[in-house]
Undergrad: 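Starting off with a structure, shown below.
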Protein chains: 2
Amino acid sequence: MARTQGSHSDITGPRVREAARRLIARHGFAAVSMRKIAAEVGVQAGALYNYIPDKQTLLFEIMQAHMEELLTARAELDAPADPVQALEQFTRFHIRFHSNRPDEVFIAYMELRNLTPENFAAIEAMRRTYEDQLTEILVAGVAAGHFRLAEPRVTTMALIAMLTGVNTWFREEGRLSLDEVEGIYLDMVRRTVAA
Amino acid sequence: MARTQGSHSDITGPRVREAARRLIARHGFAAVSMRKIAAEVGVQAGALYNYIPDKQTLLFEIMQAHMEELLTARAELDAPADPVQALEQFTRFHIRFHSNRPDEVFIAYMELRNLTPENFAAIEAMRRTYEDQLTEILVAGVAAGHFRLAEPRVTTMALIAMLTGVNTWFREEGRLSLDEVEGIYLDMVRRTVAA
DNA sequence: GATTGATCTGAACGCGCGTTCAGATAAACC
DNA sequence: GGTTTATCTGAACGCGCGTTCAGATCAATC
């Protein structure tokens, strides 16, 4: 078995995904051709098929990797028993994780309609798992008398939409630091559910 | 000048835009071909060019019409002097207007990157005009001592993201009516800015 | 009923698409 | 240094793309 170390595939494979991520986030899945991705990597289009079975799978794998990283990173935190602290942790985690990965977040929200039904279902299930974690915090907080809200699921969707919205306007070079933004949003989140 | 009345153009023109709106919302601008739009209307692709100069302009006009309707519908309301009432009016208006036009809202948020720079700037300016109306309400409310918030612009973006998020999950056939959803969100909005 | 002109068809244009594959290339191993 | 084989090239495939346009169609006008 020749060339098991120093193989280009260790380098080219990840580079294909990186290039695809950047280009799809910028121009949209349908507007990015395999040839453009290949050109970005510095390779001919045919070579891409050493690393992906087809374009659809490439998109799916980008989304899947993103959602798995999200769930893994979240699972690595130890959850505070106190719902108030858990909500703060969730809020800070969400803003920080998502603002660090604008391309992946954009793709995961915008390109869902370009997934096959099976792939769509897989991504949706992971997203739902994540959302449920916030819902659980809210329900626990209500039970403990710390939060007051009409519909945990509605509040979940409202808060996540609000928090993810940071990505649409926040810029590193802007007037506010991410720390400051985090504080402002945390305050809004707390008020939204305050008892 | 023959055929000034009963002309097909009175019918076909709007139908082209309707078909384009539905298809683009469903599949994305890049994935919808002129031939598919024409087929939906029941016409050959060439006939579309009696009504639009090109595909880019079609997209722009769909977005432009949507934003103009938004600003017009909003301008037709008489703004309450009281910031608290103005915020309630804005909140209810936003949810109602946007949930009535899911296709247009989707397109206006998702297809911005497919606009030429000039067209993008035009749409962005209209969006900014709309956002500024909420910011003004917030600033007035703070001045009057009714609201308390750290950054009017940040709160504006947060609230609009939260409210527009309704479109991602609300379904007519669902458990909650739009009236109920409106009430729930209004409560969250009020808490977010409460003094 | 002839004329007019708005509307539409159908074919064509050059181009880029996703994907395949035979053959070239070159690094790792014996 | 010869062999192996992972990796890549370059050409090809059928297809659909946005757009153009000459000519057909046909309702409104005179």
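Just so it is clear: chains get the letters A, B, ... in the order the sequence lines come, proteins before strands, and each one is counted from 1.
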Undergrad: Rounded to whole angstrom units, what separation is found between the CZ atom of Arg15(B) and the P atom of dT7(C)?
TA: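 Answer to the nearest Å: 15 Å.
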
Undergrad: Side-chain N or O of Ser33(A) less than 4.0 angstrom from OP1 or OP2 on dG16(C)?
TA: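 No, no such contact exists.
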
Undergrad: Please report, rounded to the nearest Å, how far the P atom of dA22(C) is from the OH atom of Tyr49(A).
TA: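 It works out to 17 Å between those atoms.
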
Undergrad: Check the distance between dC8(C)'s C1' and Met34(B)'s CE and give it to me in whole angstrom.
TA: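 Taking atom C1' of dC8(C) as the reference, CE of Met34(B) is at 15 Å.
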
Undergrad: Given salt bridge (Lys or Arg N to Asp or Glu O under 4.0 Å), test Glu124(A) with Arg127(A) step by step and report yes or no.
TA: CA-CA 5 Å; Glu124(A) 268 307 282; Arg127(A) 193 195 302 287; 3.2 Å; yes

Undergrad: Is a donor-acceptor contact shorter than 3.5 angstrom present between the side chain of Arg35(A) and the base of dG18(C)?
TA: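 Side chain to base: pair found, below 3.5 Å.
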
Undergrad: Rounded to whole Å, please give me the gap between CD1 in Ile52(A) and P in dG18(C).
TA: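 From Ile52(A) CD1 to dG18(C) P: 10 Å.
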
Undergrad: Relative to each other, are the rings of His66(B) and His98(B) parallel, tilted or perpendicular (30° and 60° limits)?
TA: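 It falls in the perpendicular class, over 60°.
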
Undergrad: Return the 5'-most residue of the pair Pro53(A), Lys36(A) with respect to DNA chain C, ranking by each residue's nearest nucleotide.
TA: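 That would be Lys36(A).
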
Undergrad: Side-chain donor-acceptor pair under 3.5 Å between Asp54(B) and Thr57(B), yes or no?
TA: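 Yes, a side-chain donor-acceptor pair sits under 3.5 Å.
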
Undergrad: Can you find a side chain N or O atom of Tyr51(A) that sits less than 4.0 Å from OP1 or OP2 on dC8(D)?
TA: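 Yes, Tyr51(A) has a side-chain N/O under 4.0 Å of OP1/OP2 on dC8(D).
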
Undergrad: Of the options dT19(C), dG10(D), dT19(D), whose atoms approach the side-chain atoms of Lys55(B) most closely?
TA: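 Given the options dT19(C), dG10(D), dT19(D), the side chain of Lys55(B) is closest to dT19(D).
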
Undergrad: State which of dT20(D), dC8(D), dC8(C) makes the closest approach to the side chain of Ala47(A).
TA: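 Nearest nucleotide to the side chain: dC8(D).
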
Undergrad: Using the side-chain heavy atoms of Asp54(B), tell me which of these nucleotides is nearest: dT20(C), dT19(D), dC8(D).
TA: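 Between dT20(C), dT19(D), dC8(D), the one nearest the side chain of Asp54(B) would be dT19(D).
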
Undergrad: Taking atom C1' of dA22(D) as reference, at what distance in whole Å does atom CG of Asn50(B) sit?
TA: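 That distance rounds to 14 Å.
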
Undergrad: Within this structure, what is the CG-to-P distance between Leu48(B) and dG18(D), rounded to whole angstrom?
TA: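 After rounding, the reported distance stands at 10 Å.
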
Undergrad: Which is true for Val41(A) with a 4.0 Å heavy-atom rule: it touches a base, it touches only sugar-phosphate, or it touches nothing?
TA: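 The answer is nothing, as Val41(A) stays clear of every strand by at least 4.0 Å.
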
Undergrad: Please state how far atom CD1 in Ile11(B) lies from atom P in dA6(C), giving the value in whole angstrom units.
TA: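 Taking CD1 of Ile11(B) and P of dA6(C), I get 17 Å after rounding.
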
Undergrad: Where the side chain of Gln44(A) is defined as all heavy atoms beyond and including C-beta, which of dC8(C), dT19(C), dT9(D) is the nearest nucleotide?
TA: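 In terms of side-chain proximity for Gln44(A), the closest of dC8(C), dT19(C), dT9(D) is dT9(D).
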
Undergrad: Between Ala45(A) and Val32(B), which residue's closest nucleotide on DNA chain D lies nearer the 5′ terminus?
TA: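 Taking each residue's closest nucleotide, the earlier one in sequence belongs to Ala45(A).
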
Undergrad: If you group Ile, Leu, Val, Met, Phe, Trp and Tyr by side-chain heavy-atom gaps below 4.5 Å, do Leu134(A) and Phe97(A) land in one group?
TA: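 Both belong to a single hydrophobic cluster.
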
Undergrad: Check the distance between dG18(D)'s P and Leu23(B)'s CG and give it to me in whole angstrom.
TA: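 These atoms are roughly 12 Å apart.
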
Undergrad: Compare side-chain N and O positions of Thr12(B) against OP1 and OP2 of dT7(C) and report whether any pair is under 4.0 Å apart.
TA: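 No, Thr12(B) has no side-chain N/O under 4.0 Å of OP1/OP2 on dT7(C).
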
Undergrad: To the closest 0.5 Å, what do you measure between CZ (Arg22(A)) and CD (Glu40(A))?
TA: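 Atom-to-atom, Arg22(A):CZ and Glu40(A):CD are 4.5 Å apart.
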
